[in-house]
Protein chains: 2
Amino acid sequence: MDRFVSNTTSRLDAKGRVSVPASFRSVLGRDGFDGLYCYPTLDQAAIDAGGHALLAEIDSLIGRFPPYSQEREELRVALYGRSATLKIDGEGRVMLTEELKSHAGIVDSVAFVGLGHKFQMWEPERFRAHLAKATATVRALTRRLGSHSPDSDPGARE
Amino acid sequence: MDRFVSNTTSRLDAKGRVSVPASFRSVLGRDGFDGLYCYPTLDQAAIDAGGHALLAEIDSLIGRFPPYSQEREELRVALYGRSATLKIDGEGRVMLTEELKSHAGIVDSVAFVGLGHKFQMWEPERFRAHLAKATATVRALTRRLGSHSPDSDPGARE
DNA sequence: TGGGTGTTTATGGGCGTCAATGGAAGCTGT
DNA sequence: ACAGCTTCCATTGACGCCCATAAACACCCA
């Protein structure tokens with residue numbers, strides 16, 4: 001597998017460290033990035049994280065704007081200026097910065113959510129709410145797409 | 001990592017010295033530039049800083065204007081003429097010149113902000129305001145680009 | 001199919017190293 | 001000789017790195 005999938009929750013220990021799920025670490029290893037590149041998700045109370053694939057996405061986003069334009073400079077500040085490269089210790093743990101934690105409302109536990117080329121970290125309760133909302137949106141979407149969705153099985157709730 | 005990312009704040013000591021963050025120093029070391037190349041940011045109350053990569057950017061910016069044009073000469077003055085190469089002492093500290101400090105409004109503490117190929121130094125409070133503005137702009141931008149999931153809530157619940 | 005066993009992951013803590021900071025001593029030019 | 005820098009040293013506290021235990025899972029074999 002070469003992308004981040006599934007989601008798990010783990011707790012911060014007394015030193016503020018948290019284990020990155022093993023499956024995510026193996027994707028990062030394949031990506032070749034040393035450490036974990038993170039920044040506050042722009043429009044959500046979450047943290048975006050990944051490796052080279054994520055950096056490439058950021059570069060392409062910035063590259064869409066003309067050099068020296070104000071938009072470009074502000075993107076730089078928002079993306080580079082707020083990001084952090086976290087070190088992953090021998091046991092696969094990272095320490096989140098204060099800024100990242102406060103943006104996501106993370107206190108003592110983190111939900112890791114795979115999104116393909118990157119993953120997100122959420123405060124678990126917020127993620128539950130976010131997921132419920134997203135699920136509702138998706139239901140409406142598939143319904144609108146015509147053919148009733150293949151797996152819209154009632155009763156499949158948390 | 002080969003670029004400046006993240007942001008940290010540190011204080012000037014009694015002699016006016018300030019520690020450049022270790023991660024920035026390691027990028028500078030890789031860049032090969034001895035010291036820290038600085039100049040007042042043209043359109044902001046901040047200081048631009050970096051090494052060879054920054055010098056290269058300046059050259060390319062100046063090169064966009066026709067030789068001997070007035071714009072070109074004025075850019076030269078603004079970028080070369082106001083710049084300073086600060087020495088980095090054994091402990092990774094620099095001393096800002098009076099001109100740099102007054103341009104950025106820096107008194108007793110400095111926010112270091114990574115922007116990829118260069119970084120900036122801000123008076124911390126001003127940086128907070130600047131970051132808030134940039135973040136707002138970028139949110140609007142990314143929404144317009146549709147680069148994020150359509151997360152608009154049709155039926156907000158919770 | 002169930003029990004047992006071995007491997008991998010998660011988690012907790014100890015210790016050494018390095019970064020950040022403060023201060024003192026040596027230079028240099030005026 | 002003095003002021004302003006620069007270089008050097010000392011302290012503290014955070015963080016990186018290592019080991020030790022425990023829990024989860026997978027695998028194998030009876």
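Quick caveat, the model's predicted, so the values are computed rather than measured.
The nucleotide range of DNA chain D contacted by chain B, defined by atoms under 4.0 angstrom from heavy atoms of the protein and reported 5' to 3', is D:dT6 to D:dC9. If you walk DNA chain C from 5' to 3' and mark each nucleotide with an atom closer than 4.0 Å to a heavy atom of chain B, the marks span C:dA19 to C:dA24.
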**Request:** Please report the C-alpha distance between B:M121 and B:C38 in whole Å, then the side-chain angles of each, then the deciding distance to 0.1 Å, and finally whether the side chain to side chain contact (heavy atoms under 4.5 Å, CB included) criterion is met.
**Result:** CA-CA 10 Å; B:M121 292 178 253; B:C38 296; 3.9 Å; yes
**Request:** Test A:I47 against A:I106 for side chain to side chain contact (heavy atoms under 4.5 Å, CB included), laying out the working first.
**Result:** CA-CA 10 Å; A:I47 302 167; A:I106 290 168; 3.9 Å; yes
Sequence neighbours excluded and cut-off under 3.5 Å, please list the side-chain donor-acceptor pairs for residues 110-118 of chain B, or say none.
residue : atom : partner : partner atom : Å
B:H117  : ND1  : A:R76   : NH2          : 3.1
B:H117  : NE2  : B:E57   : OE2          : 3.0
B:K118  : NZ   : B:D48   : OD2          : 2.6

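Across all strands shown, B:D13 has heavy atoms under 4.0 Å from sugar-phosphate atoms exclusively, and none from any base. In this structure, B:K15 reaches the bases: a heavy-atom distance under 4.0 Å links it to at least one base atom across the strands shown.
Taken together through direct or relayed side-chain contacts under 4.5 Å among Ile, Leu, Val, Met, Phe, Trp and Tyr, A:L61 and A:L55 form part of one hydrophobic cluster.
Across the interface with DNA chain C, nearest-nucleotide mapping of A:V18 and B:R11 shows A:V18 to be the residue nearer the 5′ end. For A:G90 and B:R93, each mapped to the nucleotide of DNA chain D holding its nearest heavy atom, the one lying further toward the 5' end belongs to B:R93.
Heavy atoms only, all atoms of each residue included: B:H103 and B:Q44 are closest at NE2-O, 2.9 Å. In this structure, A:V77 and B:H130 approach most closely via the heavy-atom pair CG2-NE2, 3.7 Å. For the pair B:T97 and B:A84, the tightest heavy-atom approach, listed with the atom from each and the gap, is CG2-CB, 4.2 Å.
Side chain of A:D31 to main chain of A:G51: no donor-acceptor pair is present (N/O by atom type, distance under 3.5 Å, no hydrogens or angles). Within the 3.5 Å criterion, the main-chain N or O of A:R93 finds no donor-acceptor partner in the side chain of A:R25.
Between A:E71 and A:R64, none of the side-chain N atoms (NZ, or NE/NH1/NH2) sits under 4.0 Å from a carboxylate O, so this pair counts as no salt bridge. In summary, A:K15 and A:D89 do not engage in a salt bridge, as defined by a charged side-chain N under 4.0 Å from a carboxylate O.
Contact annotation: the side chain of B:Y37 never approaches that of B:L86 to less than 4.5 Å [non-hydrogen atoms, C-beta and beyond]. Annotation: side chain of B:F119 is in contact with side chain of B:L36 (closest heavy-atom distance under 4.5 Å). Counting only heavy atoms from C-beta outward, the side chains of B:L131 and A:R82 approach each other to under 4.5 Å. The side-chain heavy atoms of B:L54 and B:F33, taken from C-beta on, include no pair separated by under 4.5 Å.
The rotation axes computed at either terminus of the helix from C:dT1-D:dA30 to C:dT30-D:dA1 lie 30° apart, taking five pairs at each end and rounding to 10 degrees.
Contacts between residues 19-32 of chain A and DNA chain D, defined by a heavy-atom separation under 4.0 Å, are absent. Contacts with DNA chain D (heavy atom under 4.0 Å) in residues 114-121 of chain B: none are found.
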